[in-house]
Participant: 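I have a structure here, written as structure tokens, and I will follow up with some questions on it.
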Amino acid sequence: MKLNEDPELGISKIIEELVELSKWPAKYFPKIKDDLKVFIFPAFVAAFISVATVSFRTFVQKTLYRMRFHDEQYQIMQEFYPAFQKQIIRLKAAMSEIENGSLCMYVRVAIRKYLEFEKDPEQYFRKNQQDIEIIELLCGAIKDFTDRLAEMNHFLAASVIPKPPLTHPFLARKIHKMMTLLYYYSFIWVQYSTEEIATDVFQKKMQDFKDYWKVEIGCAKMEEYLCLLDEWFLKF
């Protein structure tokens, strides 16, 4: 019998077995006094059956809850997984253009150069004449990067996100960190791109982000997130 098919029938069968088990004192200890047989053992058996019944019902309820939770979250994951995977891949491609394309620099370095240029182009060129030829590529790459981040932020804000698996707490912790980090990082960029915050405030937030999360944003991190997403999906 499967618990999810008829849990009440399972409880009844367990109780019947416990009652049969309760007959062993009279069978194996015939010299027990009659008053003990009549009063003590029935009371003991009744208490034991009551505790066992409550425990078994609790077990069944928890099992059914996990099964319902699993089924509900699996349905959500069926839609969420391919869409979120696409978002990470697109963001990784934008980062790859910076790291492995014509610029060949870390994303954090490209961002720093871009912000310096945006703040004061003339002063930037006076300090970095070697970057004159690459500045157009830099601005284009950062523009694509920020567009992908805006898409990511909108997707995470609008999507129904499946809950991490109940029986995998360490995986759940990694998933929560990934989702929080991506949402907050993309949110900071959206604020800057829409001019909700000034460049100085944005730079302060980016520094605070780096100090708190201690994460290097780049292709390697996106690849790590793709693997984590696959692991999350396979748990269903």
Participant: Taking D211's backbone N and O only, do any of them form a donor-acceptor pair with K214's side chain (distance below 3.5 Å, no angle check)?
Facilitator: yes
Participant: Kindly give the heavy-atom pair with the smallest separation between I76 and I161, and that separation in Å.
Facilitator: CG2-C, 4.2 Å
Participant: Looking at I197 and K205, what are the two nearest heavy atoms and their distance?
Facilitator: CD1-CD, 4.3 Å
Participant: State whether the side chain of T180 and the backbone N or O of H176 hold a donor-acceptor pair below 3.5 Å, judged by distance alone.
Facilitator: yes
Participant: Would you say the side chain of M206 lies within less than 4.5 Å of the side chain of W189, judging by non-hydrogen atoms?
Facilitator: yes
Participant: What I want to find out is whether E151 reaches R90 closely enough, with some N-O distance under 4.0 Å, to be called a salt bridge.
Facilitator: yes
Participant: I'd like to check L103 versus L138 (side-chain heavy atoms, cut-off strictly below 4.5 Å). Are they in contact?
Facilitator: yes
Participant: Applying the salt bridge (Lys or Arg N to Asp or Glu O under 4.0 Å) criterion to E116, which one of K113, R112, K119 satisfies it?
Facilitator: R112
Participant: Under a 3.5 Å distance rule, please check whether N153 uses its side chain to pair with a backbone N or O of L149 as donor and acceptor.
Facilitator: no
Participant: Contact between S102 and I134 at the side-chain level, heavy atoms closer than 4.5 Å - yes or no?
Facilitator: no
Participant: Do M178 and Y183 make a side-chain contact, defined as non-hydrogen atoms from C-beta onward lying under 4.5 Å apart?
Facilitator: no
Participant: Take I135 and F125, measure what side-chain contact (heavy atoms from CB on, under 4.5 Å) needs, and give me the verdict at the end.
Facilitator: CA-CA 10 Å; I135 199 63; F125 282 135; 3.9 Å; yes
Participant: Short question: side chain of D120, backbone of Q123 - any donor-acceptor pair under 3.5 Å?
Facilitator: yes
Participant: Assess whether atom CD of E79 is packed by more than 12 heavy atoms of other residues, nucleotides or ligands within 6.0 Å.
Facilitator: no
Participant: Should F80 and F155 count as side-chain neighbours, where that means a heavy-atom distance under 4.5 Å?
Facilitator: yes
Participant: Quick one, F145 with M95, criterion side-chain contact (heavy atoms from CB on, under 4.5 Å). Give me CA distance, side-chain angles, the key distance, then yes/no.
Facilitator: CA-CA 7 Å; F145 174 63; M95 294 177 178; 3.6 Å; yes
Participant: Take atom CD in Q130; do more than 12 heavy atoms of anything else shown fall under 6.0 Å from it?
Facilitator: yes
Participant: What is the ring orientation for F209 with Y185, classed by angle as parallel under 30°, tilted 30 to 60°, or perpendicular over 60°?
Facilitator: tilted
Participant: For the residue pair A94 and R148, what are the closest heavy atoms and their distance?
Facilitator: CB-CG, 3.8 Å
Participant: Does atom NE2 of H168 have more than 12 heavy-atom neighbours from other groups under 6.0 Å away?
Facilitator: yes
Participant: Would you call I88 and M152 a side-chain contact if the rule is heavy atoms closer than 4.5 Å?
Facilitator: yes
Participant: How far does SG of C139 sit from CG of D144, to the nearest 0.5 angstrom?
Facilitator: 13.0 Å
Participant: Does F187 have more than 12 heavy atoms from other residues, nucleotides or ligands lying within 6.0 Å of its CZ?
Facilitator: no
Participant: Around E122, counting heavy atoms of other residues, nucleotides and ligands shown, do more than 12 lie under 6.0 Å from its CD?
Facilitator: no
Participant: For L91 and M222, work out which heavy atoms get closest and say how close.
Facilitator: CD2-SD, 3.8 Å
Participant: Taking the six-membered ring where the residue is Trp, are the ring centres of Y81 and W232 under 6.0 Å apart?
Facilitator: no
Participant: Hydrophobic cluster membership, with links at side-chain heavy-atom distances under 4.5 Å among I/L/V/M/F/W/Y: are V190 and L156 in one?
Facilitator: no
Participant: Is there a chain of hydrophobic side chains (I, L, V, M, F, W, Y, each step under 4.5 Å between heavy atoms) that links I132 to L115?
Facilitator: yes
Participant: Consider only side-chain heavy atoms of I, L, V, M, F, W and Y, link residues closer than 4.5 Å, and tell whether Y212 and M179 are in one cluster.
Facilitator: yes
Participant: Between I217 and E99, what is the shortest heavy-atom contact and its length?
Facilitator: O-OE2, 4.5 Å
Participant: With a 4.0 Å cut-off on N to O distance, would you call K204 and D200 a salt bridge?
Facilitator: no
Participant: Checking R108 against Y106: charged group under 6.0 Å from the ring centre and within 45 degrees of the axis?
Facilitator: yes
Participant: Could you measure the distance from the CD atom of Q85 to the CG atom of D230? Nearest 0.5 Å is fine.
Facilitator: 6.0 Å
Participant: What distance separates L182 CG from K177 NZ, expressed to the nearest 0.5 Å?
Facilitator: 11.5 Å
Participant: Please examine the side chains of M105 and I98, heavy atoms only from C-beta on, and report whether any two atoms are closer than 4.5 Å.
Facilitator: yes
Participant: Return the CD to CG distance between Q203 and D208, rounded to the nearest 0.5 Å.
Facilitator: 12.0 Å
Participant: Side-chain heavy atoms under 4.5 angstrom apart, residues restricted to Ile, Leu, Val, Met, Phe, Trp, Tyr: same cluster for F84 and V160?
Facilitator: no
Participant: Applying side-chain contact (heavy atoms from CB on, under 4.5 Å), run through K92 and E223 and close with a yes or a no.
Facilitator: CA-CA 8 Å; K92 179 185 175 184; E223 184 61 31; 2.5 Å; yes
Participant: How close do I89 and L226 get, heavy atom to heavy atom, and via which atoms?
Facilitator: CG1-CD2, 3.9 Å
Participant: Could you please spell out the steps behind the side-chain contact (heavy atoms from CB on, under 4.5 Å) verdict for Y192 and T146?
Facilitator: CA-CA 10 Å; Y192 176 70; T146 56; over 6 Å; no
